[in-house]
Amino acid sequence: MANFRISVINGDGIGPEVAVEGLKVLHTLGAKCGHTFSTKDYLAGGAALDATGVPLPDDTVKGVKDSDALLFGAIGGPKWENLPHHLKPEAGLLKLRKELDAWANLRPAVVFDELADASSLKPEVLKGTDIMVLRELTGGIYFGLPRGIDGSGPNRRGFNTEVYHEYEIERIVRMAFQIALGRRKKVCSVDKANVLESSQVWREVAIRVGKEFPQVALSHMYVDNAAMQLVRDPKQFDVIVTGNIFGDILSDEASQLTGSIGMLASASVGGPVGFFEPIHGSAPDIAGQQKANPLAMIGTLSLLLRYGLKLDQEAALIDRAIRKVLQDGLRTGDIKQPGLPILTTTQMGDAVVERLKAL
Ligand code: NAD
């Protein structure tokens, strides 16, 4: 039994609609397991711009840093699209990510048997897929120096630098092994060591850290092959760990295996406070219509419990409740199937709460 302080940023569009369902599930879990989750709301994105004139008020940063974890809905929308760059909702999100110094991005890609038909790949290829992609988030070519554009005429050039220090590789690879210990005990480190020196160092460090985890099988794959294997035979993967740019691409590819964006959760951790959010945006096209699927947000809650608060058993209960609503044939519009009723956002949240109570 414990008390946890969760900061909540509802955000814009469907953000508040799915966040309210996530919190319903969180408080049900608290009552069931004897924990108290004290939640506190903060502003960011369009809602913050409307209320305070900036996309990320200082007290949001301060409050979030003073909590145990952040649950984030989604931000943005047409209303704020034409503001200058530094005032756009996205500028607030990037600043918050930077403030929280999260160097590891976790993206599970789980194919539920009941939804295997929703993907563009064949169900028999997909069934049983359960991958955790770990992407390094604060290093690599997106941040490396020098970078820029110089010269003129035909000699004008753009350039970036892919650079990885051993300490950056070591910490994320170690996290991958630790996560794999609680899963199927396989880590695939993805690089381009046949061409890039930064990848050569990546691979050497992965092998060195791997020696600390003899129970976990380590394999290596070049990124081009990994992109191919993900669609050829995704079931072969358990944990994938890779650098920033490769992870950016592969995590999106892996998420497409699962069908709907309304099912996908993510976590950014490594800093003092973890940042937990569904991967979808504010979906202005369906906002305010009770059409949003809250399962991405509820799945995000499971990541928050497992990787933010170290509450593995509680996270497993949420996972089971999600699986149960799907087994029971409950669907929102984005995952609709012939012959099954379509639930509203609130009805889907209620259904998860009911299943959770019954577990
Ligand atoms: P989006 O993810 O909001 O929507 C893409 C499509 O998926 C839409 O058709 C939408 O209806 C659907 N969708 C998204 N989430 C859903 C859910 N839970 N249930 C059912 N359907 C769902 O992406 P977009 O349309 O490119 O962006 C809309 C706004 O969101 C933009 O302002 C963008 O900048 C912002 N955005 C924010 C974040 C974030 O807050 N982290 C991430 C991506 C985009």
Side-chain angles (χ1 to χ4, degrees), residues 7-22 25 42-50 55-56 60 64 70-100 102 105-107 112 115 118-120 135 137 248 251-252 255-256 258-268 274-304 322 325-326 330-337 342-349 351-352:
S7 37
V8 179
I9 293 178
N10 291 306
D12 311 313
I14 63 167
E17 293 173 52
V18 294
V20 81
E21 302 310 317
V25 173
Y42 294 97
L43 290 173
L49 280 161
D50 287 351
L56 186 67
T60 294
V64 169
L70 167 63
L71 190 66
F72 187 93
I75 55 155
K79 182 175 174 193
W80 307 281
E81 240 165 44
N82 297 320
L83 290 170
H85 186 71
H86 70 286
L87 284 182
K88 282 192 198 293
E90 291 75 11
L93 179 58
L94 291 180
K95 186 166 172 228
L96 185 57
R97 285 197 180 129
K98 202 168 169 171
E99 287 281 349
L100 294 183
N105 182 240
L106 277 58
R107 281 256 209 118
F112 294 95
L115 301 183
S119 171
S120 48
R135 164 188 171 193
L137 208 54
D248 192 0
S251 61
D252 266 17
S255 69
Q256 271 314 298
T258 67
S260 172
I261 194 168
M263 297 291 299
L264 295 163
S266 84
S268 299
F275 186 136
F276 299 86
E277 57 179 329
I279 77 160
H280 62 71
S282 58
D285 55 331
I286 56 167
Q289 301 169 42
Q290 280 285 313
K291 286 185 178 166
N293 184 348
L295 294 180
M297 175 51 100
I298 297 169
T300 295
L301 198 60
S302 159
L303 293 183
L304 184 153
I322 294 175
V325 291
L326 296 173
L330 304 180
R331 302 285 185 270
T332 42
D334 58 312
I335 50 172
K336 68 174 179 239
Q337 279 171 311
I342 295 180
L343 271 58
T344 64
T345 309
T346 306
Q347 286 169 336
M348 186 55 115
V352 176

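Start at 1 and go down the list; that is how both ligands and their atoms are numbered.
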Please output the side-chain donor-acceptor pairs of residues 84-96 that fall under 3.5 Å, not counting sequence neighbours, one pair per line with the distance.
residue : atom : partner : partner atom : Å
Lys88   : NZ   : Glu81   : O            : 2.4
Lys88   : NZ   : Leu83   : O            : 3.3

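Under the 3.5 Å distance criterion, the side-chain polar atoms of Glu21 are left unmatched by any main-chain donor or acceptor of Met348. In this structure a side-chain-to-backbone donor-acceptor pair under 3.5 Å is missing from Thr332 to Ala292. Of the possible polar contacts, none joining the Ser282 side chain to the Ala74 backbone as a donor-acceptor pair under 3.5 Å is found.
A salt bridge is absent between Asp12 and Lys79; no separation between the charged side-chain nitrogens and carboxylate oxygens falls under 4.0 Å. Asp252 has a carboxylate O that lies under 4.0 Å from a charged side-chain N of Arg107, or vice versa, which qualifies the two as a salt bridge.
Using a heavy-atom distance under 4.0 Å as the criterion, the protein contacts of ligand 1 are Ile14, Phe72, Ala74, Ile75, Gly76, Gly77, Glu90, Leu93, Ile261, Gly262, Glu277, His280, Gly281, Ser282, Ala283, Pro284, Asp285, Ile286, Ala292, Asn293, Asp334.
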